[in-house]
Colleague: 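Below you'll find the structure I mean.
Below, chain A is the first sequence line, B the second, and so on; all start at residue 1. Predicted model only: the values in this text are computed from it and were never measured.
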Number of protein chains: 2
Amino acid sequence: MFQRIKTKRVYELVVEQIQEHLRKGDLRPGDKLMSERELADMLGVSRSAVREALSALDFLGVLESRQGEGTFIADVSSQLLLEHLAVFVTIDREANLELLELRKILEVAAAEMAAARAGALDHEKMAEALRLMEQDVHSGILGESNDALFHRCIVESTQNKMLTKSMVLLSDLVVQNMRVSRQFLFQRPGNRERLYNQHRQVFLAIKEGNSEKAGRAMVDHLEFVERELICYGSRPE
Amino acid sequence: MFQRIKTKRVYELVVEQIQEHLRKGDLRPGDKLMSERELADMLGVSRSAVREALSALDFLGVLESRQGEGTFIADVSSQLLLEHLAVFVTIDREANLELLELRKILEVAAAEMAAARAGALDHEKMAEALRLMEQDVHSGILGESNDALFHRCIVESTQNKMLTKSMVLLSDLVVQNMRVSRQFLFQRPGNRERLYNQHRQVFLAIKEGNSEKAGRAMVDHLEFVERELICYGSRPE
DNA sequence: ATTGTCTTACTGGTCCGACCACCTGATGAC
DNA sequence: GTCATCAGGTGGTCGGACCAGTAAGACAAT
């Protein structure tokens with residue numbers, strides 16, 4: 001019925017004003033913000049409050065403070081922001097299957113798009129990631145990071161920056177998802193090779209420029225993983 | 001060749017230590033952090049530095065500071081974090097078409113899933129959003145916020161939290177995209193009604209439980225928008 | 001015994017001033 | 001013209017003072 005009343009901290013009010021100027025385009029990447037002392041005077045608050053606000057935005061990667069020079073608007077498309085977000089989001093134990101479902105939506109489309117759009121350099125990157133994955137099979141390690149690298153190469157070759165950014169957000173979760181999946185899969189003999197071959201089928205279809213085949217190969221791959229997860233109840237602990 | 005050397009700020013080091021405890025599970029949502037003064041003593045830094053770190057994490061929604069009580073670990077699955085991220089990401093002028101492509105991937109899948117999974121309450125919410133959209137048509141306003149509401153109702157009815165969260169991240173961009181699209185579309189007579197009807201077709205298919213039809217209706221809708229944007233060169237300014 | 005009031009100790013919140021480290025531009029010496 | 005030095009400005013850190021809020025305990029009134 002009644003809720004805790006949360007008054008705004010001074011630093012939040014400072015952040016909001018900076019946000020507003022960014023939103024309106026008054027401040028752009030590369031621009032220098034006014035000095036801390038000026039800002040404190042102008043806003044009628046202490047320099048400490050301004051510093052708290054600037055630290056919050058510095059941490060988010062929105063601003064960059066350079067000692068002796070000033071504080072600058074960073075390039076907001078920076079990956080840092082997304083990476084900071086990912087660090088604090090851990091996968092819900094129940095959410096592995098939901099993430100797989102989302103991956104099916106995004107990565108099947110990405111495979112199809114990659115088949116249509118990937119160039120020679122993209123193919124080379126995928127092939128390299130695939131070689132690393134093959135090494136992982138032979139060395140017997142879990143190998144989720146090269147698995148993730150392969151998938152990232154595919155997404156990057158779609159040449160859709162919005163899609164690539166969305167996958168960056170999810171990347172930490174995806175790596176966790178792969179780690180969990182692989183722990184299960186590798187309990188069954190032959191699954192390492194099977195998994196590697198599924199990735200290889202995806203790659204061959206992309207290289208061949210066959211969108212339909214690439215999409216189907218990715219569906220096969222992700223549904224195989226999904227079935228294994230369902231089979232094991234998706235509870236590694 | 002050589003790059004600027006960026007030394008770590010004290011507040012960042014404080015954040016990292018807190019991060020580490022969160023990552024290891026020593027600190028969980030609801031736990032109370034040690035007091036600022038204790039933390040400053042223990043870490044051998046000033047209380048100001050601790051405050052800067054706590055402000056950054058408070059802003060991210062990771063912590064919650066309560067005056068007189070202490071600082072607590074927040075529930076990290078909070079939407080606040082995603083919303084803060086979205087506020088700082090503005091759409092690239094060239095990116096409208098890319099976003100539409102991403103929306104096609106996500107929202108066509110969402111429409112199909114919604115047809116399969118939506119319950120009576122979901123239908124009611126969509127119908128209400130549709131009524132609001134109809135009002136917007138009659139009153140002649142741009143109407144992007146109710147458009148966005150309708151789309152959000154669909155995504156929520158998929159019952160996939162990962163997908164819903166991803167759309168939350170994109171929601172500010174999507175609203176911007178709708179605003180731009182509608183400015184173009186409404187220059188051509190009849191497009192208001194056509195747009196409304198497309199949404200209605202999506203809703204009817206979902207209500208009917210027909211995934212294929214829902215997906216197709218959503219494709220039709222988004223491709224219609226896409227064609228108009230391409231036609232106008234996607235440059236409103 | 002229960003409830004209300006007051007006090008104390010602790011918490012975060014804000015401000016201020018001092019000082020340090022770094023950067024940039026201007027000036028003077030060679 | 002080049003280089004070194006200085007001044008003035010920037011952010012970075014620290015510590016102290018004081019305020020506002022919270023919780024717990026002690027004591028008085030019912």
Colleague: Could you tell me whether A:Glu226 and A:Lys104 have a side-chain N and a carboxylate O separated by less than 4.0 Å?
Modeller: yes
Colleague: Check every atom of C:dC15, C:dG13, D:dG11 against the side chain of A:Arg51 and return the nucleotide holding the closest atom.
Modeller: D:dG11
Colleague: Kindly say whether, by distance alone, the side chain of B:Ser35 makes a donor-acceptor pair under 3.5 Å with the base of C:dC10?
Modeller: no
Colleague: As a test of reading the structure: which of C:dT14, D:dG12, C:dG12 is closest to the side chain of B:Glu36, going by heavy atoms?
Modeller: C:dG12
Colleague: What nucleic acid atoms does A:Ser48 come within less than 4.0 Å of, heavy atoms only: base, sugar-phosphate, or nothing?
Modeller: base
Colleague: Hey, are the side chains of A:Asp26 and A:Asp31 touching, using non-hydrogen atoms and a 4.5 Å cut-off?
Modeller: no
Colleague: Nearest whole Å is fine: how far is D:dG12 P from B:Glu52 CD?
Modeller: 8 Å
Colleague: Counting only heavy atoms from other residues, nucleotides and ligands, does the tally under 6.0 Å from CZ of A:Arg131 exceed 12?
Modeller: yes
Colleague: Can you tell me the distance, in whole Å, between the CD atom of B:Glu69 and the P atom of C:dA9?
Modeller: 20 Å
Colleague: Roughly how many Å is it from CG in A:Leu13 to C1' in C:dG13, rounded to a whole number?
Modeller: 13 Å
Colleague: Distance check needed: D:dT13 P versus B:Tyr11 OH, whole Å only.
Modeller: 10 Å
Colleague: I need the CD-C1' distance between B:Gln67 and C:dT14, as an integer number of Å.
Modeller: 10 Å
Colleague: Starting at CZ of B:Phe72 and ending at C1' of D:dT22, how long is that distance when rounded to a whole Å?
Modeller: 10 Å
Colleague: Out of D:dA17, D:dG11, C:dT24, which nucleotide sits closest to the side chain of A:Arg47?
Modeller: D:dG11
Colleague: Nearest-Å distance, CG (A:Leu57) to P (D:dG11)?
Modeller: 14 Å
Colleague: What is the distance from CG of B:Leu39 to C1' of C:dG12, rounded to the nearest Å?
Modeller: 13 Å
Colleague: Between A:Val45 and B:Glu38, which is nearer to the 5' end of DNA chain C once each is assigned its nearest nucleotide?
Modeller: B:Glu38
Colleague: Is B:Arg9 touching bases, backbone alone, or none of the nucleic acid, heavy atoms closer than 4.0 Å?
Modeller: sugar-phosphate
Colleague: Can you tell me which residue among B:Glu38, B:Glu52, B:Glu36 is in a salt bridge (Lys or Arg N to Asp or Glu O under 4.0 Å) with B:Arg47?
Modeller: B:Glu36
Colleague: Is a salt bridge present between B:Arg103 and B:Glu107, judged by a nitrogen-to-oxygen distance below 4.0 Å?
Modeller: yes
Colleague: Taking the nucleotide of DNA chain C with the nearest heavy atom to each, does A:Gly68 or A:Gly44 sit closer to the 5' end?
Modeller: A:Gly44
Colleague: Checking only heavy atoms, does the side chain of A:Arg37 share a donor-acceptor pair with the base of D:dG9 at less than 3.5 Å?
Modeller: no
